[in-house]
Amino acid sequence: MKIKVVSLLMGLCVIVAALSGPQLKKPESENKSTLGDILIGTVITTEGLNTFDMEAYLNENIDSIVKDGNHTVNIGDKQNYNNKIYARQVTKEDTTEDGKKITHKEYVFDDIDGFWIFDAKIPSTETEESYTCLCSEGGISNVKSQIHHTDNGAQEIELIADIYYSYEKWGTVFYMNPVYQENDGDIYCVEGTGYAVSGDKGSIDGTSSGSQTLSDKITVNENGEETVYQSKVTINYIPVYVPFQIEFVFMNEANKAIKEESFKPQGVPEKLTVPNGTEYVIVIQENEEGSIADTIGKNCENAEFIAEDNDGYCSLHSVNLVW
């Protein structure tokens with residue numbers, strides 16, 4: 001993308017129109033390069049983030065803009081004037097299986113409307129040791145997170161996740177914005193690239209319509225020792241028919257239904273008691289085009305189904321089967 005500036009006044013107008021956006025949070029110190037910062041995940045948005053520091057660009061290039069009547073701004077070079085949207089550390093409370101309350105820290109992006117997934121390193125404190133936390137928000141499903149450490153000090157991070165969306169969202173552009181962690185623990189997001197989902201209603205079969213991948217490899221000098229960090233983040237975009245009813249059919253050894261229970265997707269309870277004599281469970285997701293059925297084997301603890309979270313975006317939900 002290029003912007004032609006034919007005069008100072010027109011240049012200011014064009015740049016403002018093309019690059020202006022919501023006010024971004026800036027760190028107290030001046031922006032640092034992402035060199036040495038570790039790629040830990042992504043924020044998925046349906047609108048492009050505008051992190052271009054227009055004020056800094058104008059301040060540093062005003063002379064060339066004035067002198068060159070046909071000045072060109074290469075948006076591909078805007079990484080040199082890239083603001084960062086910083087995440088905020090929060091404390092969340094969890095309940096263990098035995099009812100105990102425990103807390104843990106993670107990071108959230110208050111200023112971004114989107115879905116995020118990243119492996120954050122929580123810095124140590126006077127009372128706590130450092131640990132890694134998987135931070136996820138929004139319609140993220142089927143998360144696979146792997147962190148490998150090798151004997152020579154290398155570290156590999158790999159994240160894979162799915163985003164389910166209704167066929168009504170055909171044509172939506174998903175932007176995959178990289179998330180980095182600085183050496184001091186701060187986490188930020190910068191502008192990424194877009195991917196438009198396409199196709200037609202008849203082609204939706206529950207398989208991925210496409211995916212985006214981010215990857216990075218850097219060498220960091222820590223306390224005189226070099227550590228190699230490799231990161232890979234993949235998001236799959238999967239179209240689905242949004243179910244309007246979830247049915248559980250409890251079958252015996254003779255393949256006869258013992259009991260049937262139906263719920264709206266948002267009304268499925270956290271737990272379902274399996275009747276005595278049940279050999280397997282059939283989970284039926286009914287949608288406007290028909291139905292999808294899955295068979296759950298005996299003593300399987302969970303049954304999964306798709307439910308709409310908001311505005312055509314869905315995620316994988318689970319109900320605990322009590323045998």
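Owing to the predicted nature of the structure, the values given are computational and were not obtained by experimental measurement.
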Peer 1: Please determine, by modelled atom types, if Thr132 and Asp119 share a side-chain donor-acceptor pair under 3.5 angstrom.
Peer 2: no
Peer 1: Do you see a donor-acceptor pair shorter than 3.5 Å between the side chains of Asp111 and Tyr86?
Peer 2: no
Peer 1: Is Tyr195 linked to Val190 within one hydrophobic cluster, defined over Ile, Leu, Val, Met, Phe, Trp and Tyr using a side-chain heavy-atom separation of less than 4.5 Å?
Peer 2: yes
Peer 1: For Glu47, does the CD atom sit with more than 12 other heavy atoms under 6.0 Å from it, leaving out its own atoms?
Peer 2: no
Peer 1: Taking it one step at a time, do Ile40 and Lys121 satisfy side-chain contact (heavy atoms from CB on, under 4.5 Å)?
Peer 2: CA-CA 9 Å; Ile40 60 171; Lys121 184 178 180 180; over 6 Å; no
Peer 1: Are Val173 and Ile238 linked, directly or through other ILVMFWY residues, by side chains that come within less than 4.5 angstrom of each other?
Peer 2: no
Peer 1: Please report the interatomic distance CD1(Ile187) to CD(Glu106), rounded to the nearest 0.5 Å.
Peer 2: 10.0 Å
Peer 1: More than 12 heavy atoms of other residues, nucleotides or ligands under 6.0 Å from CG of Asn302: yes or no?
Peer 2: yes
Peer 1: I want to check something: taking the side chain as every heavy atom from C-beta on, are Gln89 and Ile122 in contact at a cut-off of under 4.5 Å?
Peer 2: yes
Peer 1: Between atom CG of Asn255 and atom CD1 of Ile282, what is the distance when rounded to the nearest 0.5 Å?
Peer 2: 8.5 Å
Peer 1: Group every Ile, Leu, Val, Met, Phe, Trp and Tyr by side-chain heavy-atom contacts under 4.5 Å, then state whether Val274 and Leu272 land in the same group.
Peer 2: yes
Peer 1: Which heavy atom of Pro123 sits nearest a heavy atom of Tyr107, and at what distance?
Peer 2: CD-OH, 3.7 Å
Peer 1: Hey, any chance Ile160 and Tyr164 share a hydrophobic cluster, counting ILVMFWY side chains that come within less than 4.5 Å of each other, even indirectly?
Peer 2: no
Peer 1: Over all heavy atoms of both residues, which pair between Gln181 and Gly185 is shortest? Give the atoms and the distance, please.
Peer 2: NE2-O, 2.9 Å
Peer 1: Please answer whether the main-chain N or O of Gly192 pairs with a side-chain N or O of Asn177 as donor and acceptor at a distance below 3.5 Å.
Peer 2: yes
Peer 1: Would you say Thr278 and Lys298 make side-chain contact, with heavy atoms under 4.5 Å?
Peer 2: no
Peer 1: In Å, rounded to the nearest 0.5 Å, how long is the span from CG of Asn287 to CD1 of Ile246?
Peer 2: 9.0 Å
Peer 1: State, without any angle test, whether Gln212 and Tyr237 hold a side-chain donor-acceptor pair at a distance under 3.5 Å.
Peer 2: yes
Peer 1: Can you confirm whether Lys169 is buried at NZ, in the sense that more than 12 heavy atoms of other residues, nucleotides or ligands lie under 6.0 Å from that atom?
Peer 2: yes
Peer 1: Starting at OG of Ser211, measure out to CD1 of Ile163 and round the result to the nearest 0.5 Å.
Peer 2: 11.5 Å
Peer 1: So for atom CD, which belongs to Glu129, do other residues, nucleotides or ligands contribute more than 12 heavy atoms lying within a distance under 6.0 Å?
Peer 2: no
Peer 1: Does the side chain of Val268 come within less than 4.5 Å of Phe248's, by heavy atoms?
Peer 2: yes
Peer 1: Does Thr103 reach the main-chain N or O of Lys92 with its side chain, forming a donor-acceptor pair under 3.5 Å?
Peer 2: no
Peer 1: Does Val249 reach the side chain of Glu247, with side-chain heavy atoms less than 4.5 Å apart?
Peer 2: yes
Peer 1: Going through the checks in order, is the side-chain contact (heavy atoms from CB on, under 4.5 Å) test met by Ile117 and Ile235?
Peer 2: CA-CA 10 Å; Ile117 178 75; Ile235 300 294; 4.0 Å; yes
Peer 1: Evaluate the side-chain contact (heavy atoms from CB on, under 4.5 Å) criterion for residues Leu159 and Leu134: first the C-alpha distance (whole Å), next the side-chain angles of each, then the deciding distance (0.1 Å), finally the verdict.
Peer 2: CA-CA 10 Å; Leu159 280 172; Leu134 178 65; 3.9 Å; yes
Peer 1: Within a 6.0 Å radius of atom CD on Glu270, are there more than 12 heavy atoms belonging to other residues, nucleotides or ligands?
Peer 2: no
Peer 1: Quick check against the 3.5 Å criterion: does Asn320 have a side-chain atom that pairs as donor or acceptor with the backbone of Glu301?
Peer 2: yes
Peer 1: Could you check whether the rings of Phe109 and Phe118 sit parallel, tilted or perpendicular, using 30° and 60° as the cut-offs?
Peer 2: perpendicular
Peer 1: Side chains of Val108 and Glu137: does their closest heavy-atom pair fall under 4.5 Å?
Peer 2: no
Peer 1: Spell out, as yes or no, whether a donor-acceptor pair under 3.5 Å connects the side chain of Ser166 to the backbone of Gly312.
Peer 2: no
Peer 1: Please name the pair of heavy atoms, one in Trp116 and one in Val43, separated by the smallest distance, quoted to 0.1 Å.
Peer 2: CB-CG2, 3.6 Å
Peer 1: Is it the case that Tyr188 and Asp37 place a side-chain donor and acceptor less than 3.5 Å from each other?
Peer 2: yes
Peer 1: With sequence neighbours left out, what residues match Thr213 under side-chain hydrogen bond (donor to acceptor under 3.5 Å, both in side chains)?
Peer 2: Thr234
Peer 1: Does the plane of the ring in Phe305 sit parallel, tilted or perpendicular to the ring in His317? Use 30° and 60° as the thresholds.
Peer 2: parallel
Peer 1: To the nearest 0.5 Å, what is the distance between CD (Glu286) and CD (Gln245)?
Peer 2: 4.5 Å
Peer 1: Residues in ring pair (Phe, Tyr, Trp, His ring centres under 6.0 Å) with Phe115, at least two apart?
Peer 2: Tyr313
Peer 1: Flag yes if more than 12 heavy atoms outside Asn183 fall under 6.0 Å of its CG atom; otherwise flag no.
Peer 2: no
Peer 1: Which distance, rounded to the nearest 0.5 Å, do you find between the CD1 of Ile157 and the NZ of Lys232?
Peer 2: 14.0 Å
Peer 1: Could you pull out the closest heavy-atom pair between Pro243 and Pro265, with the gap in Å?
Peer 2: O-CG, 3.3 Å
Peer 1: Could you tell me which non-hydrogen atom of Thr46 sits nearest to which non-hydrogen atom of Thr172, and how far apart they are?
Peer 2: CG2-CG2, 3.8 Å
Peer 1: Is any side-chain heavy atom of Glu279 closer than 4.5 Å to one of Met251?
Peer 2: no
Peer 1: Asp184 and Asp186: which non-hydrogen atoms are nearest, and at how many Å?
Peer 2: OD1-N, 3.1 Å
Peer 1: Quick one, Met176 and Ile44 - any side-chain contact, counting heavy atoms below 4.5 Å?
Peer 2: yes
Peer 1: So do Pro239 and Val197 actually touch side chain to side chain, heavy atoms under 4.5 Å?
Peer 2: no
Peer 1: Kindly work out whether a path of hydrophobic side-chain contacts (I/L/V/M/F/W/Y, heavy atoms less than 4.5 Å apart) joins Tyr131 to Ile147.
Peer 2: yes
Peer 1: Answer yes if the side chains of Tyr167 and Glu288 hold a donor-acceptor pair under 3.5 Å, and no otherwise.
Peer 2: yes
